[in-house]
Amino acid sequence: MAKDEELIYKLVEEMNEAIYSMDSHFIKLHQNLVIDELSPKQIILLDFINKNRKVTIGQIASYMNITSSAVGQLVSKLEEQHYVSRSINPENRREIFVSLDTSGIKYFEREEEIKRFIISRYYSKLELSEIVQLKEIVQKLNQIVLKEGIIHEINDKGEI
């Protein structure tokens, strides 16, 4: 069994190195194609809004694990640049909805163009059956990670 564990370790290391190399290339490519100057927190916030359409400050704060005040500051900055807009919830006037505005919509249109470029340039060189198999393997591994979690395996001192 120890031989199998060592082989699995070596294979996973090689796979992780290839993924890291590929991701590094895609990140550099992405940085050259994106003209928006957004911080990582701003991008996370915009992604959350894009996936959920209309969200509240509280939902964003919960998702990002930051205070509503910190979200308010992020939203204000993005609102100035027309990435997001705020509106009052007509059913609960104390609640503010945040949604994408013109710059935010353009940002995700550009993101879609970049994704399609990467797919046509790289992924299209694989056979369809290979893409299907790759997708299934990645989804299966993701389900294992989500099911198993990592919290149970780490003690209070951060040890495994």
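- Within 6.0 Å of the CD1 atom in Ile144, the count of heavy atoms belonging to other residues, nucleotides or ligands exceeds 12.
- Side-chain contact between Tyr123 and Ile118: present, with at least one pair of heavy atoms (C-beta onward) separated by less than 4.5 Å.
- Annotation: side chain of Asn52 is in contact with side chain of Val55 (closest heavy-atom distance under 4.5 Å).
- Atom CG of Asp23 sits about 11.0 Å away from atom NE2 of His25, to the nearest 0.5 Å.
- Residues Ile96 and Asn89 fail the side-chain proximity criterion, which asks for heavy atoms closer than 4.5 Å.
- A distance of 7.0 Å separates CD in Glu17 from CD in Glu14, rounded to the nearest 0.5 Å.
- The aromatic rings of Phe48 and Tyr63 sit parallel to each other, their planes meeting at less than 30°, with 60° as the upper class boundary.
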Is there a side-chain hydrogen bond (donor to acceptor under 3.5 Å, both in side chains) between Lys77 and Gln81? Walk through the geometry before answering. CA-CA 7 Å; Lys77 204 165 195 174; Gln81 300 169 352; over 6 Å; no
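- Side chains of Gln143 and Leu146 form a contact here, defined as non-hydrogen atoms less than 4.5 Å apart.
- The number of heavy-atom neighbours closer than 6.0 Å to CD of Glu127, taken from other residues, nucleotides and ligands shown, is 12 or below.
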Walk me through it: do Thr56 and Val98 pass the test side-chain contact (heavy atoms from CB on, under 4.5 Å)? CA-CA 6 Å; Thr56 65; Val98 183; over 6 Å; no
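- Environment of CG in Asn65: sparse, with no more than 12 heavy atoms of neighbouring residues, nucleotides or ligands closer than 6.0 Å.
- When hydrophobic clusters are built by joining Ile, Leu, Val, Met, Phe, Trp and Tyr residues whose side-chain heavy atoms come closer than 4.5 Å, directly or via intermediates, Met22 is grouped together with Ile114.
- Environment of CD in Glu37: sparse, with no more than 12 heavy atoms of neighbouring residues, nucleotides or ligands closer than 6.0 Å.
- Atom CD of Gln42 is separated from atom OH of Tyr83 by 8.0 Å, given to the nearest 0.5 angstrom.
- In the displayed structure, Gln133 atom CD is contacted under 6.0 Å by at most 12 heavy atoms of other residues, nucleotides or ligands.
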Does the pair Lys3 and Glu6 meet the rule for a salt bridge (charged side-chain N to carboxylate O under 4.0 Å, His left out), with working shown? CA-CA 5 Å; Lys3 269 188 175 180; Glu6 200 55 39; over 6 Å; no
In sequence, state the C-alpha distance, the side-chain angles, and the governing distance for Glu136 and Lys140, and then conclude on salt bridge (charged side-chain N to carboxylate O under 4.0 Å, His left out). CA-CA 6 Å; Glu136 289 171 354; Lys140 181 176 181 180; over 6 Å; no
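- When all heavy atoms are compared, the tightest approach of Asp101 to His82 is CB-O, 3.0 Å.
- For the residue pair Ser124 and Arg121, the shortest heavy atom distance occurs at OG-N, 4.3 Å.
- Put simply, the side chain of Leu74 reaches to within 4.5 Å of the side chain of Lys41, judged on heavy atoms.
- Linking ILVMFWY side-chain heavy atoms closer than 4.5 Å, directly or via other members, places Ile44 and Ile57 in a single hydrophobic cluster.
- Residues Arg86 and Ser76 come closest through the heavy atom pair NH2-OG, 2.6 Å.
- From Leu45, atom CG reaches atom OG of Ser39 across 9.0 Å, with rounding to the nearest 0.5 Å.
- The main-chain N or O of Gln59 is never found under 3.5 Å from a side-chain atom of Ser62 such that the two would form a donor-acceptor pair.
- When every heavy atom of Arg110 is checked against every heavy atom of Leu33, the shortest pair comes out as NH2-O, 3.0 Å.
- Taking hydrophobic clusters as Ile, Leu, Val, Met, Phe, Trp and Tyr residues chained together by side-chain heavy-atom distances below 4.5 Å, Ile19 does not share a cluster with Phe26.
- Ile60 and Phe108 fall within the same hydrophobic cluster, where Ile, Leu, Val, Met, Phe, Trp and Tyr residues are linked whenever their side-chain heavy atoms come under 4.5 Å apart, directly or through other members.
- For the atom pair CD1 (Ile43) and OH (Tyr107), the distance works out to 4.0 Å, reported to the nearest 0.5 Å.
- Taken together through direct or relayed side-chain contacts under 4.5 Å among Ile, Leu, Val, Met, Phe, Trp and Tyr, Val71 and Leu38 form part of one hydrophobic cluster.
- In this structure the side chain of Glu111 reaches within 4.5 angstrom of the side chain of Val34, judged on heavy atoms.
- Separating the CZ atom in Arg53 from the OG atom in Ser99 is a distance of 10.0 Å, to the nearest 0.5 Å.
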